Structure formats: structure tokens, C-alpha cells
Engineer: 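Sharing a structure below in C-alpha cells format, with a few things to ask.
Here is how names work: the chains are called A, B, and so on, in the same order as the sequence lines, proteins then strands, and each is numbered from 1. If you're wondering where the values come from, they're calculated on a predicted model, not measured in any experiment.
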Amino acid sequence: MDDVSDQYSPADVEAAIDDYWDDHDAYEATKAAHADDPTFFFVDGPPYTSGQMHLGTAWNKTLKDAVIRQKRMTGHQVTDRPGYDMHGLPIEVKVEEELGFESKQDIEEYGMEAFIEECKTFAEDNRVAMDDDFQSIGAWFDWDNPYKTISPEYMEAAWYGFKQVADRGLVEQGKRSISQCPRCETGIANNEVEYDQVEDPSIYVKFPLADREGSLVIWTTTPWTIPANTFVGVGEELTYQKVRATKGGDEDVLYIAAECVDDVLGKGRYDDYEIEAELDGSELVGWEYDHPLAEEVPDYPSFEGAGEVYTADFVEADRTGLVHSAPGHGEEDFHRGQELGLDIFCPVAGDGTYTDAGGKYAGQFVRDANDDITADLDANGALLAEETYTHSYGHCWRCDTDIIQLATDQWFISITDIKDELLDNIEEAEWHPQWARDNRFRDFIENAPDWNVSRQRYWGIPIPIWVPEDVDSEDDLHEQMIVIGTREELVERADQDIDPDDIDLHRPTVDDITITEEGTTYRRIEDVFDVWLDSSVATWGTLDYPTETEAFDELWPADLIIEAHDQTRGWFWSQLGMGTAALGESPYNEVLMHGFANDKHGRKMSKSVGNIVTPEEAIDRAGRDPLRAYLLSHDQQGVDLSFDWDGLGSMVGTLNICWNVFRFPLTYMDLDGYDPAEPDLSEGELTTVDEWVLSRLQSVIEETSEAWADYRIDDALNTVLDFVTEDVSRFYIKATRERMWEEGDSPTKLGAYATLATVTNAVIRLLAPVTPYMAEEMYQTIDGSETTVHALDWPEVDDDLRDPQLETDMAVLRDVEEAAANARQRGGRKLRWPVSRVVVETDDDEVASAVENLADLLGERVNTRAIDVVSEFDELIEYADPQMGEIGPAFGGGAQDVMNAVEGATRDEVEAGIEVNGETVDLDDEMVEYRKEPPEHVTGTDFEGGTVYVDTTLTDELESEGYARDVIRRIQEMRKELDLDVESEISVGLAVDDDRVAGFVDEHRDLISEEVRAAELTDAPSEDADRLETWEIEDTEVEIGVSVIAEQTA
RNA sequence: GGGCCGAUAGCUCAGUCAGGUUGAGCGCUCGGCUGAUAACCGGGAGGUCCGCGGUUCAAAUCCGUGUCGGCCCA
């Protein structure tokens, strides 16, 4: 047996086990051990390779790792290929920063191919670093073979999926209003937009009516969108007022929502006004107005239907109650414009500058044009008021540039066409927690817009769409397109000679490939996929499908995915969308959604607040197993974690108890040559506590297994930890330790060995998924017949060992014991001193029989000579409590004296007649109430089933043993200070500074000598003793000298 | 602005689904044990169950509303 460290040192255990795992290929051995088990297809959500592991990703990978380990132990062959998400704008932006680029122009000049190579290097370098990070927390995945979204097989998986979507007619091209980053010059997804408070202009503008007097008043924070104004929206249900307002000598007729009139006129500094008419919103519909920048922007929307009032359901009685609408920009405006059949006018290019259609403003950056436009509106007499407004406004998640809304040509997956199918498919997957699916996820899907999958960028999977070189119409490209699904198909249809095994599907290689069919030459569109599309195909990308088909046919769809709640709108969604659109099914059957790691106050960790805790620091300060156990001991289902150093420290303490429980019996077993690997419970004699702890173990195995099956991992872990600390350490070992040092082949010792070994073997397995290092160290120490603890089977409940009645009885015993300890403490009698009796008063038969069944054990534990169980403790004394409400009126001026006489008297005394000032007074029953108290030297404490009374009355015999035990304890302490071996003999000199106490001690000379292994015990401590100390025992000074006779007798 | 989640002891969290005397660990404090010993164990103090309103014989729990924190969306 290896030496076992006295002290649980996570760092040492983990370093040793890391080496052990390496040297013995433990990971491979684990997989081999479960190679023939039923499959379990887990899919790793790929982290993005732009940074390092943080506490949240550490939690995520730890949770996945624990689930995988546990699944394996319950007999599954688990797919554990880790993934990395390696394309996309974030990496492009970081590389641009490194290279000092400011725009797409710089990339083009640098060369697309070289730029993409830089992106690839960046992603790959980060991936390698993240590999190390994840392995540092003990995550066992197939690190030699991760799936990377930039590999040809994976990119093909995306093409394949997209092709299925296209075949179902769900790929469309068209103008949509999207969020555009003018610096990156690409559309970005809504979830790539971050919001922040910014100060923008806030202007009120008068749109002069064409066929009647007055103006419509609108409000906007984006003056730059006014050139594209196409219509004005009003609320159908709102009421509008025509007001004639005066300012100085001027007069304006304005149309404003009734609720807004005062406010708007205040902003415009009008002196006075009159309401001339009141109209419903619907009455304004069809009114025409003149574009306020008609001169500056000659190409302004003047087509059929433009420049009119329409109803729009997004209009509220806010600001003016009339909304300036530009379908070429805003998303709501765009949708309403489509409904109304209006043309889309957008005079802004992808880089945020006005095109020629912008007239006077052509070439100017839109946000820079705000001032000019406001000034021109003013000059045109259209500006009613101007101020600023601070509100949340979106900016690019990567480069922080303020986004702009533009209607541009994009490619879409028409999610809205398959909404019903999506909603049905939600039901196919079971979620933990379920509310996340039925509330959050369902809400999101019900509102999901079409998925814009095109990005006008470089580092991504090129969209496999080829369109005719000379297209006639931009509008129906999706009807003329060719979509390529595999490399093989590309080779077959391409005009060029391509080696399918060799081709890099990235830009710019694929850009040069053309397809000519039926006389038409097709060229690839230049866009790449939104990076969310990459990970959306992970369930088959993990399996290298369609390059390889066998694994897909056997495994798909995924049995389980595990991510944090931000992925509801991310990966949980993108996969369902893609799976449904491409293959008609949910690509996963079960979802475990965990939370975020916040700081101890529940606030998000951030650099600027300075509250970031790194996994490295946590591992440094506590250890990997403690960190893992800490993270997994909290709710894993949808709830955030408030990381707290003290909590992590407590976990170290708890694991230390596990360590001590494990190591405690090993010394004795070793001395006796007992092999804890194969405990045989029939070999020795089992006592009640053995049977009890074995029964408890079965309950714990059952509860833990059920919790794992529900992914209530915190419950599973805490059940085991509670069992070890409360049942095994606190109770079982305390009750059993003496049996450890019985001599020879004592049957009860063997029974204790077998019991502890059985418990330990099971607990090691139950802890292995969460604290793999510690569990491995324990397993290799006591057994080691398998290469790794993870090759073992998960423990199963042994019904023969269950005894529910005993578990119930023992629970009662523990309550009674606790109450007795409390009574002892209050009675001032420490446990080392025996008491004469303990009385348990209860009217509950269950409690009475439990105490009677376990009386011997209880007697030992509370150190009493006797235990009585009674339904009523008849020694209680009733003390009088005078009721002044009755006594006062009856005795008047003498009441005070009566009270003093009655107070504290016993019932017997009161009933015998109380004397006050020499006279016996008559007391009615109502004048005195009684409270029951135990007699002197007896202390009672309530517990759930009754009351426990401890009689601390001393007798010479009890006192004698008490002193003897105290002396033994002091000598043992001195042995420890001398660092003596258990076997070493000593000589003891003992001088007690009190004759009575000396007599007590003397009565137990034999006991003392035996307990402390003293060869001789004299009354005179020698000045030459190896250790000489004076102790105070219950106010008596005792001088003790200890000398070593022989270091070792053996 | 909207959806979802959370708020319980100084701290971290159970308990909320299914209403019935709020619990644990840590910390604090007092103590015990002593062949697990730089280990282990017990007692005590400590609560506006986030605020307000409602339903009910009874609300931490159900309903409404507000505040704060988190995620997502606009």
C-alpha cells in the first residue's frame, strides 16, 4: 500500500495523479473499458477561440466532464470530441488590430489570402492555449482529435446542411433591414450588437402638408435617416389635434398626438395655441406631405405611395405621436414598408457614407452629416426644436463602432416559413430546467425573424451559392442559384480541375471557381456565413458527416448538450433552427442549461470593475478537485453562481474530511494485513452501527443515482458529501474507532474493516466524476486493480443491506444524543465524565422503541451508566408562579408580601399553606400557576420526540472515573508532545495537589497505566522526566512527569 | 422598453413545484473530544424570508405590483 499523506493536499494529489494518468494512459483505458457499452452521443458546444478559459467556461467544461465521467461509469460509450469555433468577425477584428488596419480597404491591399492565413494562425494559436486551459481543470475529452470549424470536413458539414435547407426552398435572397457595422462593412446579427448609453441629437421636425394648411410634427434621434424618409406613421387608435400655435409674430398649424401637444409646443417655445380640431389617426391616413429635404436630396422617395401618412402599429403617444419612417433603414419601418408595397430607398453604402442618391450629402459619413442636415432643416423652416437625448444605442460587439440600420441585399434562411415545425420540434428535447424551454426558448422562437446568414467578410465558411455571372434581376437570385453541398459535388460541377482532398474551401480559393451549365457561367457570391451557422451544424460536424456516414447513421441526433443560459438565443437556437430547416428534426434530445459565474455579490465579473476571478487563481489557492466540487455543488440548472472564496475554502475543508475518513482505517488495516479492495461483510461481526451505515450507504447510492439521472448534479454531490461528513465521519467513525485497535482477529474489528472498506469503495466511485484526482488517488491506494477508477462501474443499491427501520431508529438516537449533549453542557458536565442516568421522556412509541432498541449504543455515546425511557418523568418539581391579576385585588396592600412568599415555592409547599407575616393565607387555584422544572442536578433538553433529562449527580465512583479520564487525557497529550509512537512504553510520575482527588485517581491506577502504556506509575514526578508539566483538572493542580522507557517494544 | 431567472442568518446557499413553528455550511463565539490530532465534534448568538398590496383559518411558498442583480431581446 502506498504511503498516504496525513494531510489532504490537493496540489500534491493532483500533480501525482496527472503523472499517473499520463504514464498509464488512464483516459484511453477508460474509453477502452466502456468501448462495448451502449453509445451516448454528447456534443461539445464549441468555445470561440478568441480568448482564454474564464471561470464560466471552466464551470462549463467541468460540468461536461463530470457528466461524461458519470455516464461512462453507468455503462456508456460516450462521444467526447471537443470543439472549437474558429471563424468569424471577432477574430478578423483582432487580427486587424494586430496589423493596424482600419478598414476593409487595408485588408484588400494587404491581400485576402495573407489576411486569412493570419486569421487561421491566430485561431489555431488560441485553440492550443485553450486546450491547455481545459486540461488544467482535469477535463477528459478527446484532445488529440478536436473538431475545428475551419477543417475541410467541418466546412463541408456546413455546406451540406445549407444545401438541405436550400433544397427545401428555405434559402432566399433579398433586401432586409439589418444592423450594419460601417467599419467592418458587413451586416451583423442582432446578438452581435451591444448596447450602451450614448448622446444623440434629438430633433422635432415639421413635415409640411401638401394639400392643406399646416405640418405634421415628427421626432427623431437620427437626422441622417431623414433623406430616406418615405412615409409618416400614425397610431390608428390615437387621437391627434390640429393646433394653431403662435411664437412672437409667427404662427404655425401643427398636427400632434393629443397627449403630446403641451410637451411639443413647450419644446418649440410657442407662446400660445388654440386647438382647432381633433382627429383619429385613421383620418390622417392618405394625407400627403412634402419632403423637408427635397432640395438637398433630389432623389428623395417620390415614387408611388411615398410621402403619405399610413397607420403603423409601432406608433405610440410618445414625443409627437407621429413617426418618421424610412424603410431603407429601420427594421420596423422596413416591415411596414413591405406591407404597404413601398419601394426601398437607401442612399447609404455599406461603409456608412451617402451614395450619390444622398444628393448634397453624397460621400459624407452619416453620423457626421447630422449637423448639416439639422442646419438645412432649420434653414428650410422645418426644424421645430433641437436638443440632445441620451439613450441606449447599439454598437459592434467587436470594434465598438456605432451600428447603423440599412436595408441591404442579404441571404436568409426563411425561419418564419417553418415556425410551426420549429415549435413542434421544441417538444422533442427534454430540458433541464424545463422552464427554460417552455418560457424563454419558446418565446424566442415564436418571435424569431428570418436568419440572415450572409456576411460581407473574409474569415468564414464561404457561402456555397453560385449565381449567373450576368444576372438580369437582383431580386430573384435564389431562383437561379446553384447550391453546392459537398466537395465532391464541387469537383464534379466546377469548370476548373480540383483535387477534392486538397482543396481549401476558404476564400479566396473558392472565389475563383466557376460553374458552367447549359451555357450559363455561374460565379460564387462573395459572402461568407454568419459564424453562428458554423456551430449550428455541430451535431453532424462532430461526426465529420457527410465526409463520414457511419457514425452519423448510428448516433445522430445528439443525446445531450450542455451550455449556459446565454445560449438559449445562441447555440440552442441555431442548432434547432438548422436541424429543423435542414433535416426536419431537433438535433439534440436533451439540454442541460447552467448559469453564469458572477462575483460574490452576484455582479457580473468584468475587467473594469476589477472583480474577475480566474480559474488559475482558484486552482492555485484551493485546487482542481475543490474548484470542481465547489462549482458543481451549486445549482446546475439555470441559476447563476456567486463565486465566493470562503465557499471554495469550505469545500477544501469538506474534501479534507473525505480524505481523513478514507485514510483513518488504513493504518490499522495495513498492520493487520487486511485488503480493503475486496471487503467481505460476512467475514467479521457486524454491529448495529455497521448495519446502519451500510443501509445509509444504499440510500445514498439510490438518491445520488436518481439525482444524476435528472442532472441534479448539485444534489448528487451534496448527498454524498453530507453522508461522508455527517454519517460516516461524525457518527460512524466516532462509534467505531475503538474497534480499530482491538487485538488479533477480533470479529468486530473485521466487521468494522469490511464495513468501512465497503463504504469507502462506494464513496470513491460516487465522487469520481466530480473529484477525479482525489478519487483516483484513493482508488489506487486501496485497490488499483483497474488502471483507473473511471473504468469501474457505478455503485448499485444492494437491497439486502437496507434496513429502513434501523435508519429511522438511528435518526431518533441522534436527536436524543444531541439533546443529551446539550443538557450535559448546560448541566456543566463534560462528556469525559460519566453520568449516572439519562431519562428519555416521550409519548411517541416509535421514539421509545428506537431508544430501547439502541440503548447500548446510546449509553456509550452519551457516557451514562443507565438509560430510562418513560412516558412521563415524575421527578419534575412544580414551582409556583403567582398570578398578580388575581392576588392583587384579593389582598390589596398585602399583595406584595403574598407574591414574595409564593414566588418560587413548590406546589407541595403552597398546598401545605403559605405563611405571610405569621398567618397562613387562603389562596384560590387561579392565584397560582405552576411551572415544571427538573430537580437539582438534572438538566432537560427538548428534542423533536420528547425531552431528554441528564442526571449529573456525582457519586464517588463517577467522580473517580472522571478524574482518571482527565489524567489519562493529559498524559496522552504529553505523549503526543513527545511525539511518541503508539507502541512506546513510558514511566509516569503523578502528584495530585488534593488528597481527595489523589485518592480518586489512585483507584484507577491500573486503568491509567493500561490506557497510556505506562510500565510504572509513581506518586512523584521526576525532575529528570522527559517531560514535566502541571495541569489544572477541575480546579486541582496535577503535576505529571513522563519518561520514555523504550521507543519501541517490538 | 419587453421576456425569463434570482433576492431567505454577517457570507454562500437549501426550503418555493404541492401553503401549516425557516434550515445547512462557512464565519463569529463558547465548549468538547483526543491512538484521524496542524484532524474531528458539539452548544450559542445571529432572520422585516427584498418592499408594498391581495387571496387564505394560515403565505418565504400562491396572485398583483414595485426595487435591486443576472441573462436574453429591442
Side-chain angles (χ1 to χ4, degrees), chain A residues 4 6-8 179 190-191 193 195 314 316 318 331-332 391-394 433-444 446-449 564-570 572-573 593 595-605 630 633-635 637-654 656-657 659-668 714-715 718 721-722 725-726 729-731 733-734 737-738 740-741 817-826 828-833 863 941 965 968-973 975-976 980-984 1011-1013:
Chain A
V4 180
D6 297 358
Q7 194 66 31
Y8 170 51
S179 296
N190 286 335
N191 54 13
V193 179
Y195 291 83
F314 50 81
E316 292 172 0
D318 182 45
E331 194 174 346
E332 287 175 323
H391 61 146
S392 76
Y393 191 84
Q434 206 195 332
W435 55 256
R437 184 190 81 179
D438 294 343
N439 300 329
R440 292 181 74 143
F441 198 50
R442 177 168 288 278
D443 285 354
F444 180 74
E446 280 171 353
N447 299 318
H565 49 45
D566 57 331
Q567 298 302 332
T568 314
R569 270 71 171 164
F572 297 153
W573 153 242
M593 184 187 94
F596 265 40
N598 295 325
D599 77 2
K600 70 177 292 184
H601 304 294
R603 296 223 161 63
K604 154 198 205 144
M605 290 189 184
Y630 173 72
S633 68
H634 290 81
D635 197 339
Q637 300 197 5
V639 181
D640 289 346
L641 167 80
S642 302
F643 181 89
D644 173 37
W645 283 110
D646 290 343
L648 181 58
S650 301
M651 184 54 77
V652 177
T654 303
N656 188 32
I657 296 176
W659 182 262
N660 279 311
V661 165
F662 153 76
R663 128 187 127 78
F664 158 69
L666 294 184
T667 327
Y668 313 109
D714 53 326
D715 288 342
N718 292 325
L721 293 178
D722 285 352
T725 54
E726 290 192 22
S729 176
R730 182 182 304 177
F731 195 89
I733 288 186
K734 195 171 167 189
R737 51 199 305 182
E738 288 182 1
M740 293 289 132
W741 48 86
E817 182 186 343
E818 190 176 313
N822 177 293
R824 255 184 180 279
Q825 184 156 338
R826 287 191 297 118
R829 189 71 71 231
K830 56 194 172 189
L831 186 57
R832 193 153 47 219
W833 285 48
N863 195 12
T941 295
R965 294 276 169 206
I968 290 168
R969 150 86 189 96
R970 280 3 184 250
I971 298 171
Q972 298 288 28
E973 178 69 26
R975 286 186 62 109
K976 189 180 134 198
L980 289 186
D981 190 90
V982 173
E983 310 281 309
S984 302
E1011 290 285 319
V1012 304
R1013 285 197 177 256

Engineer: Which base, if any, makes a Watson-Crick or G-U wobble pair with U12(B), both distances under 3.5 Å?
Structural biologist: A24(B)

Engineer: Does the N656(A) side chain pair with the main chain of V652(A), one donor and one acceptor, at a distance under 3.5 Å?
Structural biologist: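 No, because the side chain of N656(A) does not come within donor-acceptor range (under 3.5 Å) of the backbone of V652(A).
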
Engineer: Under 4.0 Å between any heavy atoms, over every strand shown, what does G602(A) touch: base, sugar-phosphate, or nothing? Just pick one.
Structural biologist: sugar-phosphate

Engineer: G42(B) and U34(B): how far apart are their C1' atoms, nearest whole angstrom?
Structural biologist: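 After rounding to an integer number of Å, I get 15 Å for this pair.
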
Engineer: At less than 4.0 Å, is any side-chain N or O atom of S642(A) found next to OP1 or OP2 of C13(B)? Yes or no.
Structural biologist: yes

Engineer: If the C1' atom of U61(B) is compared with that of C17(B), how far apart are they to the nearest Å?
Structural biologist: 10 Å

Engineer: I'd like to compare against my own output: the B/S/- annotation of nucleotides 36-41 of chain B with a strict under-4.0 Å heavy-atom distance to protein.
Structural biologist: BBSSSS

Engineer: Please measure how far the C1' atom in G47(B) lies from the corresponding atom in A60(B), and state the result in whole Å.
Structural biologist: 11 Å

Engineer: Can you identify which nucleotide, out of G25(B), A14(B), C13(B), has its nearest atom closest to the D635(A) side chain?
Structural biologist: A14(B)

Engineer: Expressed in whole Å, how much space separates the P atoms belonging to U8(B) and G15(B)?
Structural biologist: 14 Å

Engineer: Rounded to the nearest angstrom, tell me the gap between atom NE2 in H634(A) and atom C1' in A24(B).
Structural biologist: 12 Å

Engineer: Roughly how many Å is it from CZ in R437(A) to C1' in G3(B), rounded to a whole number?
Structural biologist: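 Going from CZ in R437(A) over to C1' in G3(B) covers 18 Å.
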
Engineer: Under 4.5 Å between any side-chain heavy atoms of M740(A) and T667(A), yes or no?
Structural biologist: no

Engineer: Go through it in stages, so that I can follow the logic: the residues are T725(A) and R730(A), the test is side chain to side chain contact (heavy atoms under 4.5 Å, CB included), and I'd like the CA-CA distance, side-chain angles, deciding distance and then a yes or no.
Structural biologist: CA-CA 6 Å; T725(A) 54; R730(A) 182 182 304 177; 5.6 Å; no

Engineer: Expressed in angstrom and rounded to an integer, what is the separation of N718(A) atom CG from G25(B) atom P?
Structural biologist: 12 Å

Engineer: Just name whichever nucleotide pairs with A36(B), Watson-Crick or G-U, keeping both distances under 3.5 Å, else none.
Structural biologist: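 Partner of A36(B): none found under 3.5 Å.
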
Engineer: Looking at G35(B), C73(B), G70(B), which one has an atom nearest to any side-chain atom of R1013(A)?
Structural biologist: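 Side chain of R1013(A) sits closest to G35(B).
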
Engineer: Determine, stepwise, if the pair H565(A) / F572(A) fulfils side chain to side chain contact (heavy atoms under 4.5 Å, CB included).
Structural biologist: CA-CA 9 Å; H565(A) 49 45; F572(A) 297 153; over 6 Å; no

Engineer: If the cut-off is 4.0 Å, is R440(A) near the phosphate of C72(B), judged by side-chain N/O to OP1 or OP2?
Structural biologist: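 No.
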
Engineer: Take atom CZ of F596(A) and atom P of G69(B), then tell me their distance rounded to the nearest Å.
Structural biologist: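 After rounding, the reported distance stands at 17 Å.
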
Engineer: Please state how far atom CZ in R824(A) lies from atom C1' in C30(B), giving the value in whole angstrom units.
Structural biologist: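 Taking atom C1' of C30(B) as the reference, CZ of R824(A) is at 18 Å.
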
Engineer: If I take atom CH2 in residue W573(A) and atom P in nucleotide G3(B), what distance separates them, rounded to the nearest angstrom?
Structural biologist: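 Whole-Å distance recorded here is 21 Å.
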
Engineer: What is the distance from CH2 of W435(A) to P of G70(B), rounded to the nearest Å?
Structural biologist: 16 Å

Engineer: If you only use heavy atoms from C-beta on, which nucleotide in C26(B), U34(B), U12(B) is closest to the side chain of D644(A)?
Structural biologist: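 Within the option list, the nearest is U12(B).
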
Engineer: Can you tell me the distance, in whole Å, between the NE2 atom of H601(A) and the P atom of C13(B)?
Structural biologist: 11 Å

Engineer: For the backbone of R440(A) and the side chain of R569(A), can you confirm whether one donor and one acceptor N or O come within less than 3.5 Å of each other?
Structural biologist: yes

Engineer: Could you give the distance separating U22(B) and A58(B) at their C1' atoms, to the nearest angstrom?
Structural biologist: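 It comes out at 16 Å once rounded to the nearest Å.
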
Engineer: Return the 5'-most residue of the pair T654(A), D714(A) with respect to RNA chain B, ranking by each residue's nearest nucleotide.
Structural biologist: D714(A)

Engineer: Assign the ring pair W573(A) / F444(A) to parallel, tilted or perpendicular, where the plane angle (0 to 90°) is split at 30° and 60°.
Structural biologist: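 The arrangement is perpendicular - the two ring planes meet at more than 60°.
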
Engineer: R832(A) side chain N/O closer than 4.0 Å to the phosphate oxygens (OP1, OP2) of U34(B)?
Structural biologist: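 For U34(B), OP1/OP2 do have a side-chain N/O of R832(A) under 4.0 Å.
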
Engineer: Can you tell me, in whole Å, how much space there is between the C1' of C11(B) and that of C71(B)?
Structural biologist: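 Each nucleotide's C1' atom is 24 Å from the other's.
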
Engineer: Scan every strand shown for a Watson-Crick or G-U wobble partner of A59(B), both distances under 3.5 Å, and answer none if you come up empty.
Structural biologist: none

Engineer: Let's go through F664(A) and R737(A) carefully: what are the C-alpha distance in whole Å and the side-chain angles of both, what is the deciding distance for side chain to side chain contact (heavy atoms under 4.5 Å, CB included) to 0.1 Å, and is it a yes or a no?
Structural biologist: CA-CA 9 Å; F664(A) 158 69; R737(A) 51 199 305 182; 3.7 Å; yes

Engineer: Please examine the side chains of D644(A) and Y630(A), heavy atoms only from C-beta on, and report whether any two atoms are closer than 4.5 Å.
Structural biologist: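 Yes; the side chains approach each other to less than 4.5 Å.
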
Engineer: Counting only side-chain heavy atoms from C-beta out, which of G3(B), U12(B), C26(B) sits nearest to D443(A)?
Structural biologist: G3(B)

Engineer: Between W659(A) and F662(A), how do the two ring planes meet: parallel, tilted or perpendicular, split at 30° and 60°?
Structural biologist: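 W659(A) vs F662(A) ring planes: tilted.
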
Engineer: When you compare A59(B) with C40(B), how far apart are their C1' atoms, in angstrom units rounded to a whole number?
Structural biologist: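 Rounded to whole Å, the distance is 41 Å.
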
Engineer: Rounding to the closest angstrom, what is the interatomic distance between G27(B) and C13(B) at atom C1'?
Structural biologist: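 Between the two C1' atoms, the distance is 14 Å.
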
Engineer: Both distances below 3.5 Å, Watson-Crick or wobble geometry, any strand: find the nucleotide opposite G46(B).
Structural biologist: none

Engineer: Using purine N1 to pyrimidine N3 plus N6-O4 or O6-N4 for Watson-Crick, or N1-O2 and O6-N3 for G-U wobble, each under 3.5 Å, what pairs with U67(B)?
Structural biologist: A7(B)

Engineer: Give me the one residue out of V639(A), D640(A), L641(A) that meets side chain to side chain contact (heavy atoms under 4.5 Å, CB included) with F596(A).
Structural biologist: D640(A)

Engineer: Could you check D646(A) against G638(A) and say which one's nearest nucleotide on RNA chain B is further toward the 5' end?
Structural biologist: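 Its nucleotide being nearer the 5' end, the pick is G638(A).
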
Engineer: Choose from C11(B), C33(B), C72(B) the nucleotide whose nearest atom is closest to any side-chain atom of K600(A).
Structural biologist: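 Nearest listed nucleotide: C11(B).
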
